[in-house]
Amino acid sequence: MLPDQGSLAVREGAMAMIGLGVVGCAGRMGRTLLREIAAAEGMRIAGGTERPGHEVIGQDVAAQAGLAACGLVVGEAAAELFAAADVVLDFTQPEATAAHVALAAEHGTAMVVGTTGTEGETDARIAEAAKRTAIVKAANMSVGVNLLLQLTRQVAAVLGPDFDIEIVEMHHRHKVDAPSGTALLLGRAAAAGRGVALDDVACRSRDGIVGARPKGEIGFATLRGGDVVGDHTVIFAAEGERVEIAHKAGSRAIFARGAIRAALWAKDRKPGLYGMKDVLGL
Ligand code: NAD
């Protein structure tokens, strides 16, 4: 029987939607991504995988993230997901990401990599895969933080060495590293704006009689407490005036939204390794 006009339109609508796959779909970011995809217009969940032996294997992809069931079950076979999805989002761990990028290259599927801590062999594999498909990779996918990085570089270049640069960050009490990776990225951006290397001018903490502030130093101050997701402020202080630019993260959803924006941008893009700077046109 031929479908009536109404159901045909519904089916064509579903076909036109962009299918996003999530590897590591039961992780903190994986579940946040699923919730954001479900809430976004023009996108659908194309499937999800987890590491072999994970308790959610065989469960409904959306339901395990607290959403209404979508009729797709969590699998272990990432190859199937790469064949079915328009773009795959990966917030897992470096070894898993290394395997996933090879599948992305094999299937010509665009990919967004948010996994941090990749280095050496994994970075080489990502670069190799990016010769055959579009990959967007960034250690911080928040649109706001990426804008802050760009602004920091510009402001540092315009204000020049008469302005002292201090970077203040605050995170929740469970964070183990200091200063935060994002604070260090901001420090690098400020140093780049001044045409110097951060390692040559950074002061990562102060205690006791440390002497007057050397000209050109880029200082860091670390605050820890409560459930703060991540606050970063870059202060440019001179005689008589002060410029401050800040970003405050309220939830992990900002990383997921940035990743989804990157996925839309990467779909149908020519092969290459891109960053959020490219996605945002900064
Ligand atoms: P998590 O441990 O909660 O989630 C990771 C998930 O990946 C787990 O469920 C794990 O079982 C799964 N996984 C591991 N190996 C797998 C495999 N081979 N196949 C499928 N799934 C596999 O961690 P998280 O907090 O969600 O963070 C994940 C990564 O994303 C970390 O590297 C973190 O630093 C990074 N991260 C990046 C951003 C960003 O903006 N780029 C933001 C937040 C977190």
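Both ligands and their constituent atoms are indexed starting at 1 by order of listing. Below, all heavy atoms of this structure are taken into account, side chains as well, without hydrogens, waters or symmetry copies.
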Considering distance alone, does some N or O of A96 sit under 3.5 Å from an N or O of ligand 1? no
Using a 4.0 Å heavy-atom cut-off, say whether A139 meets ligand 1 through its side chain, its backbone, both or neither. backbone
Could you check whether R269 makes a cation-pi contact with W265, meaning its NZ or CZ is under 6.0 Å from the centre of the six-membered ring and within 45° of the ring axis? yes
So if I count the atoms of ligand 1 from 1 in the order they appear, which ones are less than 4.0 Å from some heavy atom of F255? 40 (O), 42 (C)
Hey, is ligand 1 close enough to R51 that some N/O pair sits below 3.5 Å? yes
Do side-chain atoms of T122 reach the backbone of T118 as a donor and acceptor pair under 3.5 angstrom? no
Are M276 and L33 in one and the same hydrophobic cluster, where Ile, Leu, Val, Met, Phe, Trp and Tyr link if side-chain heavy atoms are under 4.5 Å apart? yes
Candidates G181, G24, A26, A138; heavy atom nearest atom 41 (N) of ligand 1 found on A138
Give the atom numbers and elements of ligand 1 that come within less than 4.0 Å of a heavy atom of M29. 26 (O), 43 (C), 44 (C)
Can a donor-acceptor pair be found, under 3.5 Å and without considering hydrogens, that links the side chain of H100 to the backbone of A96? yes
Check: D90 side chain, V112 main-chain N or O, donor-acceptor pair, under 3.5 Å: no
Enumerate the atoms of ligand 1 whose separation from the nearest heavy atom of T115 is less than 4.0 angstrom. 32 (O)
Ligand 1 contact on F91 by region, counting heavy-atom pairs under 4.0 Å: both
Would T116 count as being in polar contact with ligand 1, using the rule that some N or O on each side must be under 3.5 angstrom apart? yes
Under the 3.5 angstrom rule, does the side chain of D60 hit a backbone N or O of C70 as a donor-acceptor pair? yes
Contact check: G27 vs ligand 1, nitrogen or oxygen atoms, below 3.5 angstrom: yes
Does a side chain donor of either K137 or T115 reach within less than 3.5 Å of an acceptor in the other side chain? no
Taking the basic N atoms (NZ, or NE/NH1/NH2) and the acidic carboxylate oxygens, is any pair closer than 4.0 Å for R51 and E95? no
Below a 4.0 angstrom heavy-atom separation, can you tell me which part of H54, side chain or backbone, both or neither, approaches ligand 1? side chain
Could you tell me whether the side chains of D227 and H172 share a donor-acceptor contact shorter than 3.5 Å? no
Check the pair T133 / E106 against side-chain contact (heavy atoms from CB on, under 4.5 Å), numbers first and verdict last. CA-CA 9 Å; T133 193; E106 193 182 318; over 6 Å; no
The answer for which part of R252 has a heavy atom under 4.0 Å from ligand 1 is side chain
Could you check atom 11 (O) of ligand 1 against the protein and tell me its nearest heavy-atom contact, residue, atom and distance included? E50 OE1, 2.6 Å
So does P214 get a backbone contact from the side chain of E217, meaning a donor-acceptor N/O pair under 3.5 Å? no
List the closest protein heavy-atom neighbour of atom 14 (C) of ligand 1: residue, atom name, distance to the nearest 0.1 Å. Q93 NE2, 3.4 Å
The protein heavy atom nearest to atom 2 (O) of ligand 1 is R28 NH2, 4.0 Å
Quick check on contacts: which atoms of ligand 1 are under 4.0 angstrom from a heavy atom of M141? 39 (C), 40 (O), 41 (N)
Heavy-atom nearest option to atom 36 (N) of ligand 1, drawn from G114, A259, A98: G114
Do any N or O atoms from the side chain of D177 and from the backbone of S180 form a donor-acceptor pair under 3.5 angstrom? no
Considering only protein heavy atoms, which is closest to atom 29 (C) of ligand 1, and at what distance to one decimal place? T92 O, 3.4 Å
N/O to N/O below 3.5 Å, does that happen between S142 and ligand 1? no
